[in-house]
J.: 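Dumping the structure here so I can ask a few things about it.
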Amino acid sequence: MIAKSGRRQAPEQRRAAEQLRALAKPYRFRVRADAEGFPIIPGRYGQIEWFDGQDLAVYTNRPRLFARLWAIPGVRRHQTGDTEMRALFPAEALRQVAAVIKARRRRTLSPEEAHRLGADTAYRSTSGG
């Protein structure tokens with residue numbers, strides 16, 4: 001369950017969360033719930049949203065990025081205003097769209113980093129032995 005409020009998700013929201021999480025997993029993108037409980041991938045310059053099960057949507061309020069997003073193959077305009085835009089795109093373009101909006105990735109430690117940092121990390125066991 002993505003929603004942190006403790007309320008149950010509707011079946012459509014649950015299905016959307018499962019689909020978006022599956023698409024985001026190979027790229028380690030963070031998946032969060034929006035105010036209505038639908039999943040989003042937050043980014044520095046916008047967000048990627050689940051749309052209808054076949055397409056995804058990208059939202060940004062950075063007019064300088066509009067042309068860069070529309071230049072990606074498969075991205076098509078959905079709603080465009082003076083200072084904000086929403087476009088639809090197929091899942092195959094997720095990596096390219098995420099690069100433009102600088103989507104956030106889940107942080108993980110590589111084995112080398114864990115070994116180098118040793119016991120001075122937040123990942124160590126706190127119970128004494």
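Every heavy atom of this structure was used, including side-chain atoms; hydrogens, water molecules and symmetry mates were not.
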J.: What pairs of residues pass the ring pair (Phe, Tyr, Trp, His ring centres under 6.0 Å) test when at least one of them lies in residues 76-97, not counting sequence neighbours?
T.: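 Matches after skipping sequence neighbours: F51-H78.
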J.: Under a 4.5 Å cut-off applied to non-hydrogen side-chain atoms, are L94 and I48 in contact?
T.: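 In short, these two side chains touch, coming nearer than 4.5 Å.
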J.: The criterion is ring-ring contact (aromatic ring centres under 6.0 Å, His included); which residues satisfy it with Y27, sequence neighbours excluded?
T.: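 Per chain and number, Y27 pairs via ring-ring contact (aromatic ring centres under 6.0 Å, His included) with F29.
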J.: Going by the rule side chain to side chain donor-acceptor pair (under 3.5 Å), which residues pair with Q47 if we only count those two or more places apart in sequence or in a different chain?
T.: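 E49.
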J.: Measure across A16 and F38 and return the closest heavy-atom pair with its distance rounded to 0.1 Å.
T.: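 The pair with the smallest heavy-atom distance is CB-CD2, 4.2 Å.
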J.: R44: what forms a salt bridge (Lys or Arg N to Asp or Glu O under 4.0 Å) with it, not counting sequence neighbours?
T.: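 Salt bridge (Lys or Arg N to Asp or Glu O under 4.0 Å) check on R44 returns nothing, list empty.
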J.: Would a single hydrophobic cluster contain both V75 and L88, if residues Ile, Leu, Val, Met, Phe, Trp and Tyr are joined by side-chain heavy-atom contacts under 4.5 Å?
T.: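 No, L88 and V75 fall in different hydrophobic clusters.
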J.: Return each pair, listed once, that meets salt bridge (Lys or Arg N to Asp or Glu O under 4.0 Å) where at least one residue sits in residues 88-100; pairs must be two or more places apart or across chains.
T.: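 Found none.
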J.: Evaluate the side-chain proximity of W70 to M85: yes if any heavy-atom separation is below 4.5 Å, no if none is.
T.: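 A side-chain contact exists here, since the closest heavy-atom pair is under 4.5 Å.
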J.: State, yes or no, whether a side-chain contact exists between L69 and V100 at a heavy-atom distance under 4.5 Å.
T.: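 In contact.
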J.: Side chains of L56 and L20: closer than 4.5 Å at any heavy-atom pair?
T.: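 They are in side-chain contact.
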J.: Verify side chain to side chain contact (heavy atoms under 4.5 Å, CB included) between E84 and Y59, making sure each step is shown before the conclusion.
T.: CA-CA 7 Å; E84 59 187 4; Y59 167 84; 2.6 Å; yes
J.: Applying side-chain contact (heavy atoms from CB on, under 4.5 Å), name anything that partners D52, two or more places apart in sequence or on another chain.
T.: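 Only Q54, D55 meet the side-chain contact (heavy atoms from CB on, under 4.5 Å) criterion with D52.
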J.: Is the number of heavy atoms from other residues, nucleotides or ligands under 6.0 Å of R14 CZ greater than 12?
T.: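 Yes - once you tally the heavy atoms of other residues, nucleotides and ligands closer than 6.0 Å, there are more than 12.
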J.: Can you name the residues that form a side chain to side chain donor-acceptor pair (under 3.5 Å) with Q96, not counting sequence neighbours?
T.: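 Scan of Q96 (side chain to side chain donor-acceptor pair (under 3.5 Å), adjacent residues dropped) gives none.
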J.: What pairs with Q19 under side chain to side chain donor-acceptor pair (under 3.5 Å), at least two apart in sequence or on another chain?
T.: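 Side chain to side chain donor-acceptor pair (under 3.5 Å) check on Q19 returns W50.
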J.: Give the intermediate values and the outcome of side chain to side chain contact (heavy atoms under 4.5 Å, CB included) for residues T83 and N61.
T.: CA-CA 6 Å; T83 59; N61 58 357; 5.7 Å; no
J.: Mind checking side chain to side chain donor-acceptor pair (under 3.5 Å) for R64 and listing every partner two or more places apart, or none if nothing turns up?
T.: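 R64: no side chain to side chain donor-acceptor pair (under 3.5 Å) contacts found.
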J.: In Å and rounded to the nearest 0.5 Å, what is the CD to CZ distance from E12 to R15?
T.: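 That separation rounds to 6.0 Å.
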J.: At their closest point, which heavy atom of P90 faces which heavy atom of G74, and how far apart are they?
T.: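 Closest approach of P90 to G74, heavy atoms only: CD-O, 3.3 Å.
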J.: Nearest 0.5 angstrom please: R68 CZ to I101 CD1, how far?
T.: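 CD1 of I101 is found 11.5 Å from CZ of R68.
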J.: Identify, with sequence neighbours excluded, every residue that meets salt bridge (Lys or Arg N to Asp or Glu O under 4.0 Å) alongside R30.
T.: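 Not a single residue meets the salt bridge (Lys or Arg N to Asp or Glu O under 4.0 Å) criterion with R30.
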J.: Taking Y45's backbone N and O only, do any of them form a donor-acceptor pair with T60's side chain (distance below 3.5 Å, no angle check)?
T.: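 Such a contact is found between T60 side chain and Y45 backbone.
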